[in-house]
Amino acid sequence: MFENASRTELSAIGEFALIEHITKDIQLQQNTVKGVGDDAAVIDQGNGTFTLVSTDLLVEGVHFDLSYFPLKHLGYKSITTNLSDIYAMNGTPKQVTVSIALSNRFSLEAVEEIYSGIRLACNHYKIDLVGGDTSTAKQGLMISVTAIGEVAAEKITYRNGAKPLELVVVSGDLGASYCGYQVLEREKRIFLDNPNAQPDLAGYDYIIERQLKPEARKDVVAILENLGVKPSSMIDISDGLASECFHLAKQSGVGITLYEEKIPIDPTTYNFARELDLDPVVTALSGGEDYELLMTISQQDYAKIENHPDLTVIGFVTEAAEGMNLISKGGQKHGLKAQGWKAF
Ligand code: ADP
Ligand code: MG
């Protein structure tokens, strides 16, 4: 079938190595400033403005479970998770395209629900939906969104600008979305065991909302602008704090040390993780889908962000040789592990 007859399982190399493998020989031939490898591709308009482009694909049964994921929320989330990648470049999203593939299990009314969520997100973030593609599918539902944005050339933040001695800063709080997912999965199992059981979601509103209706941190980009802070690197947290720290560190050629006790965790997240016998810090490090922004800033900018309720210093950048570390509450240094989302 192929020239090379040997067979390698995708699970043996994993998502990131696969992307690296299939894109390593690409030679840029246009006004592309940055191709593969950041949250968005960067295109030079030649007038001091860069265009940003980012795509995500959501697959039923892999990225969402329609037994508890409302279609309207799915539409909303498909947009906000893409916008998050544009904000991670310190940019402003402007347009999206939306492509869907649907099996005959879905009715017109179902598609209308998805699009009501898409419209809501577009109105909330002031984005134009400008196109897409529609196809039938043998089974299930797939949604792919492409977001297009803009950023002034001098404002752009890549993953590769972190320097030793800088501070590692994160917006909002972490681990909530993963805990929300765990609540929903737990209630699904209870329902499957006993279809008469009523879902018990009381008290979990915050973490469920973080899973079903995540927002993109448009406000954080505005806050940074107002504070006069330009991060030296930035990435959005889709696969878990630890995994994103590895991306920043690898691309910047540095190490990162985090303080366990500084990682911001909401009380609802904390209590639910404890209920499940999970370490709340692990949900923050490895849970993912937080869609918060992780960045590095120079120490001179510390005073500007110090008192901001949405920004927390969680660690510092080191020389690469020091590697990736987590200082525990007891003061011990442990190697940081990236156990984020596994695509294969
Ligand atoms: P994110 O989590 O920020 O959406 P990903 O980890 O999905 O980013 O992708 C990392 C980089 O690899 C991005 O620059 C993305 O555009 C690129 N990429 C992912 N899949 C492919 C592919 N199949 N072909 C080319 N580039 C890809
Ligand atoms: Mg991203």
Side-chain angles (χ1 to χ4, degrees), residues 15-16 19-20 23 26-58 76-99 118 121-133 143-162 169-172 214-226 229-239 243-244 247-248 250-252 289-297:
E15 179 189 358
F16 298 128
I19 294 171
E20 231 171 87
T23 59
I26 294 174
Q27 287 183 358
L28 301 175
Q29 304 172 67
Q30 292 288 348
N31 52 336
T32 310
V33 183
K34 177 85 201 179
V36 171
D38 218 299
D39 291 300
V42 181
I43 299 160
D44 190 355
Q45 295 305 340
N47 56 0
T49 304
F50 289 163
T51 296
L52 303 167
V53 183
S54 178
T55 292
D56 271 317
L57 175 62
L58 298 177
Y76 193 89
K77 184 171 177 175
S78 72
I79 300 296
T80 57
T81 55
N82 256 268
L83 302 185
S84 178
D85 281 317
I86 302 292
Y87 294 125
M89 308 300 292
N90 215 14
T92 307
K94 302 269 176 172
Q95 288 91 11
V96 287
T97 62
V98 177
S99 300
I118 289 175
C122 287
N123 288 338
H124 184 72
Y125 288 89
K126 302 200 179 357
I127 308 294
D128 294 339
L129 171 56
V130 294
D133 198 14
I143 306 180
S144 175
V145 175
T146 298
I148 303 163
E150 237 176 58
V151 61
E154 71 273 10
K155 264 190 63 185
I156 193 163
T157 52
Y158 295 104
R159 293 178 177 181
N160 66 8
V169 175
V170 73
S171 66
E215 300 293 351
R217 296 310 302 258
K218 175 183 185 170
D219 58 328
V220 171
V221 171
I223 288 165
L224 292 170
E225 167 97 23
N226 290 336
V229 174
K230 190 206 162 198
S232 54
S233 70
M234 190 147 71
I235 186 170
D236 73 322
I237 303 183
S238 50
D239 296 339
S243 171
E244 313 303 356
H247 286 311
L248 283 190
K250 184 175 177 203
Q251 296 211 17
S252 299
E289 292 207 288
D290 299 299
Y291 299 106
E292 295 295 345
L293 295 176
L294 173 71
M295 65 198 88
T296 52
I297 68 166

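- The side-chain heavy atoms of V96 and L83, taken from C-beta on, include a pair separated by under 4.5 Å.
- Taking the six-membered ring where tryptophan is involved, the planes of H124 and Y76 are tilted, since the angle between them lies from 30° to 60°.
- Closest of all the heavy-atom pairs between A88 and D236 is CB-N, 3.5 Å.
- Closest of all the heavy-atom pairs between L129 and C122 is CB-SG, 4.3 Å.
- Here the closest heavy-atom approach between residue I86 and residue A40 is recorded as CD1-CB, 4.2 Å.
- Here the side chains of I156 and N90 are not in contact, with every heavy-atom distance at 4.5 Å or above.
- To the nearest 0.5 Å, atom OG1 of residue T80 and atom NZ of residue K218 are 13.0 Å apart.
- Y125 places no side-chain N or O within donor-acceptor distance of the main-chain N or O of I79, the cut-off being under 3.5 Å.
- A distance of 7.5 Å separates OG in S243 from CD1 in I235, rounded to the nearest 0.5 Å.
- Inter-residue side-chain proximity for V221 and T92 is flagged as unmet; no heavy-atom pair is nearer than 4.5 Å.
- When side chains are defined from C-beta on, T51 counts as touching Q45, because their heavy atoms get closer than 4.5 Å.
- Counting heavy atoms from C-beta on, the side chains of L294 and E292 never come closer than 4.5 Å.
- Atoms OG and CG, from S144 and D133 in turn, are 10.0 Å apart once rounded to the nearest 0.5 Å.
- The backbone N or O of N82 sits nowhere less than 3.5 Å from a side-chain atom of S54 that would complete a donor-acceptor pair.
- Proximity of I237 to Y291: side-chain heavy atoms (C-beta onward) are nowhere separated by under 4.5 Å.
- The shortest side-chain heavy-atom distance between M89 and D38 falls under the 4.5 Å cut-off.
- With hydrogens and angles disregarded, a donor-acceptor distance shorter than 3.5 Å links the side chain of N31 to the backbone of D44.
- Atom CG of L52 and atom OH of Y87 lie 11.5 Å apart (nearest 0.5 Å).
- Counting all heavy atoms, side chain and backbone alike, T81 lies closest to D56 at O-OD2, 4.0 Å.
- In terms of modelled atom types and a separation under 3.5 Å, the side chain of Q251 and the main chain of Y158 share no donor-acceptor contact.
- In this structure, the side chain of D128 does not engage the main chain of V130 through any donor-acceptor pair within 3.5 Å.
- Heavy-atom minimum distance, P231 versus V229: CD-O, 3.6 Å.
- Of the candidates M295, R217, K155, M295 is the only one forming a side-chain contact (heavy atoms from CB on, under 4.5 Å) with L224.
- Here the CD1 atom belonging to I43 is positioned 13.5 Å from the NZ atom belonging to K34, to the nearest 0.5 angstrom.
- Here the CG atom belonging to L57 is positioned 9.5 Å from the OG1 atom belonging to T55, to the nearest 0.5 angstrom.
- In this structure, the side chain of T296 engages the main chain of S233 through a donor-acceptor pair within 3.5 Å.
- Between the side chain of E244 and the backbone N or O of D239, at least one donor-acceptor pair lies under 3.5 Å.
- Nearest heavy atom pair, residue T23 against residue I19, reads OG1-O, 2.6 Å.
- Taking a cutoff of 4.0 Å between a charged side-chain nitrogen and a carboxylate oxygen, E154 and K230 do not qualify as a salt bridge.
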